[in-house]
Undergrad: 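For reference, the structure I am asking about is given below.
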Number of protein chains: 2
Amino acid sequence: MRNVYVAGIGMTRFAKQLDRGLKDLTAEAVTGALKDAGQSAAEVQAGYFGNAVAGSMTGQEMLAGQFGLRPLGIGEIPVFNVENACASASTAFHLAWLAVATGTHDVVLAVGAEKMTHPDKARSFAAIGGSVDVDTTPADLPAGRSFLMDMYAESALRYMEQTGATRADFARVVVKNQCNGQLNPLAQYGGELTVDQVLAAREIVWPFTLQMCSPISDGAAAALLVSDEARLPGNAAVAVLASIVRSAPADGSASVTTLAAKAAYEAAGLGPADMACVEVHDAAASAELVIYEQLGLAEPGGGADLIRSGQTRLGGSLPVTTSGGLLARGHPIGATGLAQIAEAVQQLRGTAGGRQVPGARVALTQNAGGWHGADNVASVIHIFGQATA
Amino acid sequence: MRNVYVAGIGMTRFAKQLDRGLKDLTAEAVTGALKDAGQSAAEVQAGYFGNAVAGSMTGQEMLAGQFGLRPLGIGEIPVFNVENACASASTAFHLAWLAVATGTHDVVLAVGAEKMTHPDKARSFAAIGGSVDVDTTPADLPAGRSFLMDMYAESALRYMEQTGATRADFARVVVKNQCNGQLNPLAQYGGELTVDQVLAAREIVWPFTLQMCSPISDGAAAALLVSDEARLPGNAAVAVLASIVRSAPADGSASVTTLAAKAAYEAAGLGPADMACVEVHDAAASAELVIYEQLGLAEPGGGADLIRSGQTRLGGSLPVTTSGGLLARGHPIGATGLAQIAEAVQQLRGTAGGRQVPGARVALTQNAGGWHGADNVASVIHIFGQATA
């Protein structure tokens, strides 16, 4: 495998943006990534486009990638529309990485874009419901209720029983991520909250209150990946040290994120202790604690201890979801993976502003998709490092 | 790039199968491909799953690949859900080919599956409408009318004006493909028709009558791709000589299929004259004539002459769509590309039964997706040859 670098990143604000369409969001992210890399649209040799629910939300069931890139003058090249539920963007990035790593192409674009807000909120929630096995779920979701969040809630209750984690621990995750979100100019939410305030907020589904659930967002993010040959002098490139996509075992015998993490650490020749910062798939606040354990950042059952210790806050020994995470930065599902990657790239470049982890040299991103039984269906992990000059 | 072989193919019947779901269709095709290859589910290292409209038709907007493969015991491995409108399956096959060709994996599964029939026909037609740019098309399609077929009809009228092709020539394509379809036990339709009968059938949209339009179908097809290392002795493998995916130029300056064909012939070191048989994307009867020219099987403007000559019939010098094509074999859109590949594999193995092209050594498949302006949005071309022992 050849060296692969992220030469540029671009990202829209993540927010409710009822007035913006998928193409508009795509154009901003892609134009930003090209400009950041100092490359032009004509240099792109292939495009991987992550999106999950455009069919449900916009009617663009097919070819969203081609129709999104064409107005930017990007045509002729192969464009692949990739879907992996909430892990669509990181999966698109993985395939783009593979194209460069294997020598198939030298300059490849990875995009994640999602339009989720709709005047009828029930439509947004129903779209998210399409990430579970439709054979095993009710056809009609209660209006205004996310079935996927119900599944995370069930899992959170089990986790509390098994580990002694409390709702206050989930609130601590929210406090941390909202605090980080206020330092991210592209984040949907952010602010100074207390554990009590989070616990006192409106209940969405027990044991979750409002801020413990990731919000409905619109947004896009993109990355330009290049080989050594295509790397421009002076470009602030970041190296991809590992890129792993895994699906849940058919028999449910292991956690898909645990499997993906093991493979990613092996590919990079690194372990949890080497990470300067980590972005996790905090679709619900409880998930962050579970993922601490799956990534080996905490011992089994030790997720609550880790959040209580303060080590995963900015300024702690291992800051997690410095971007604000899904909970505060927002979660336009097919774009989230690339927003995580954009955060890792900024941290390693030292350009994360008020969120900067001093001297960050290695960063990990973990993006998950779908739900089946008691686990995600897919997990995608990337490890990034500083590129040698 | 390493040698890549198709070690096994599997396919359901293509037909209106209201009682069957996406998983059931997927299971039959995948099980068939594994059995044909003599390999087990445990040996599969990655899966590429092509589907276009499950979100609209079944509610399974996301993760159809994982949920389709999991009941077969296929988990843990990376599974990629790939969408490229009517070219989804051949695009999935391309990425599977790339994974083997680049040495990423040795045994990879490519699947295309589509569930299109619904008690409410308007829903099927509306789903297909999602393959055009939704910004430029009316939000509400007239019930029971396929907007995409309207676009093919416009294109057909231009083609008639420019080349002198007639509706009788489109009917000749139908007569040929229906004749081939009756020899294919998995085809949706097939029979002995006359040009007059086809012209006298119900008009769908001028200049097309019923049989000039590809039907609504349910079906799945799969292929197992292997490297030299994973090829089993005695397996009737077929070699992949070229695998090309192209998108339409952003400025519409050239036909996407012409571009893809040029690249495919170059990759294989072969030309149109080397082909023993060809499967084309005859979504409408007129398209077959246009594609003759785009693939270089006929001179520019010579599509009608070629169908009139009888050379593309079984028994002619260059049989086209021996499977029956989209018109007769059927067109479950996300599965079609792999059905074309299954036909090419059977022809090269000499197992195509009554459709066999004697001594076939090289075959080409052309699969297209979507519509924008006056051209398809994507075109995917594969060239296959006999594998050396």
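Every chain is numbered from 1 and lettered A, B, ... according to where its sequence line falls, protein lines coming before strand lines. For clarity, every value in this text was computed on a predicted model and none was experimentally measured.
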Undergrad: Does atom CD of A:E229 have more than 12 heavy-atom neighbours, drawn from other residues, nucleotides or ligands, at distances under 6.0 Å?
TA: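 Check passes, neighbour count above 12.
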
Undergrad: Using heavy-atom distances under 4.5 Å, tell me whether A:I333 contacts chain B through its side chain, its backbone, both, or neither.
TA: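 Only the side chain of A:I333 comes within 4.5 Å of chain B.
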
Undergrad: Which pair of heavy atoms, one from B:E61 and one from A:G55, lies closest together, and at what distance?
TA: OE1-C, 3.9 Å

Undergrad: What parts of residues 88-107 of chain B touch chain A if we use heavy atoms and a cut-off under 4.5 Å?
TA: B:T91, B:H94, B:L95, B:L98, B:T102, B:T104

Undergrad: Please classify the contact between A:A378 and chain B as side chain, backbone, both or neither, with a heavy-atom cut-off of under 4.5 Å.
TA: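 Just its side chain gets close to chain B.
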
Undergrad: Specify which of A:G369, A:A64, A:C86, A:G75 makes the most heavy-atom pairs with chain B at under 4.5 Å.
TA: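 Of A:G369, A:A64, A:C86, A:G75, A:G75 has the most heavy-atom pairs under 4.5 Å with chain B.
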
Undergrad: Below 4.5 Å, heavy-atom pairs only: which of A:A248, A:G370, A:G59, A:G73 has the largest tally toward chain B?
TA: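 Highest number of pairs under 4.5 Å: A:A248.
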
Undergrad: Which one, B:S379, B:A260, B:P249, leads in non-hydrogen pairs under 4.5 Å with chain A?
TA: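 The answer is B:P249.
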
Undergrad: By a 4.5 Å heavy-atom criterion (distance strictly below it), what part of B:V256 contacts chain A: side chain, backbone, both, or neither?
TA: neither

Undergrad: B:T58, B:V79, B:V380: which one forms the most heavy-atom pairs within less than 4.5 Å of chain A?
TA: B:V79

Undergrad: Determine whether A:E76 and B:S247 make a side-chain contact, defined as any pair of heavy atoms from C-beta on separated by less than 4.5 Å.
TA: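 Side chain of A:E76 against side chain of B:S247, heavy atoms only: no contact under 4.5 Å found.
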
Undergrad: Please classify the contact between A:L259 and chain B as side chain, backbone, both or neither, with a heavy-atom cut-off of under 4.5 Å.
TA: side chain

Undergrad: Identify which of B:A85, B:G65, B:G21, B:P71 forms the greatest number of heavy-atom pairs closer than 4.5 Å to chain A.
TA: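 Highest number of heavy-atom pairs under 4.5 Å: B:A85.
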
Undergrad: Considering non-hydrogen atoms only, spot the tightest contact between A:W371 and B:F67 and give its length.
TA: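 Heavy atoms only, the tightest pair is O-CZ, 3.9 Å.
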
Undergrad: Shorter than 4.5 Å, heavy atoms on both sides: which option in A:A254, A:A46, A:S56 has the most such pairs with chain B?
TA: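 Maximum pair count with chain B is reached by A:S56.
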
Undergrad: I want to check something: taking the side chain as every heavy atom from C-beta on, are A:L63 and B:E83 in contact at a cut-off of under 4.5 Å?
TA: yes

Undergrad: B:V377 and A:M62: side chain to side chain contact (heavy atoms under 4.5 Å, CB included), yes or no, with the steps?
TA: CA-CA 11 Å; B:V377 174; A:M62 294 175 255; over 6 Å; no

Undergrad: For B:R70 versus A:A250, what's the shortest heavy-atom pair and its separation?
TA: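 Taking every non-hydrogen atom into account, O-CB, 3.6 Å.
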
Undergrad: Among A:L69, A:N51, A:V53, A:V245, which residue has the highest count of heavy-atom pairs closer than 4.5 Å to chain B?
TA: A:V245

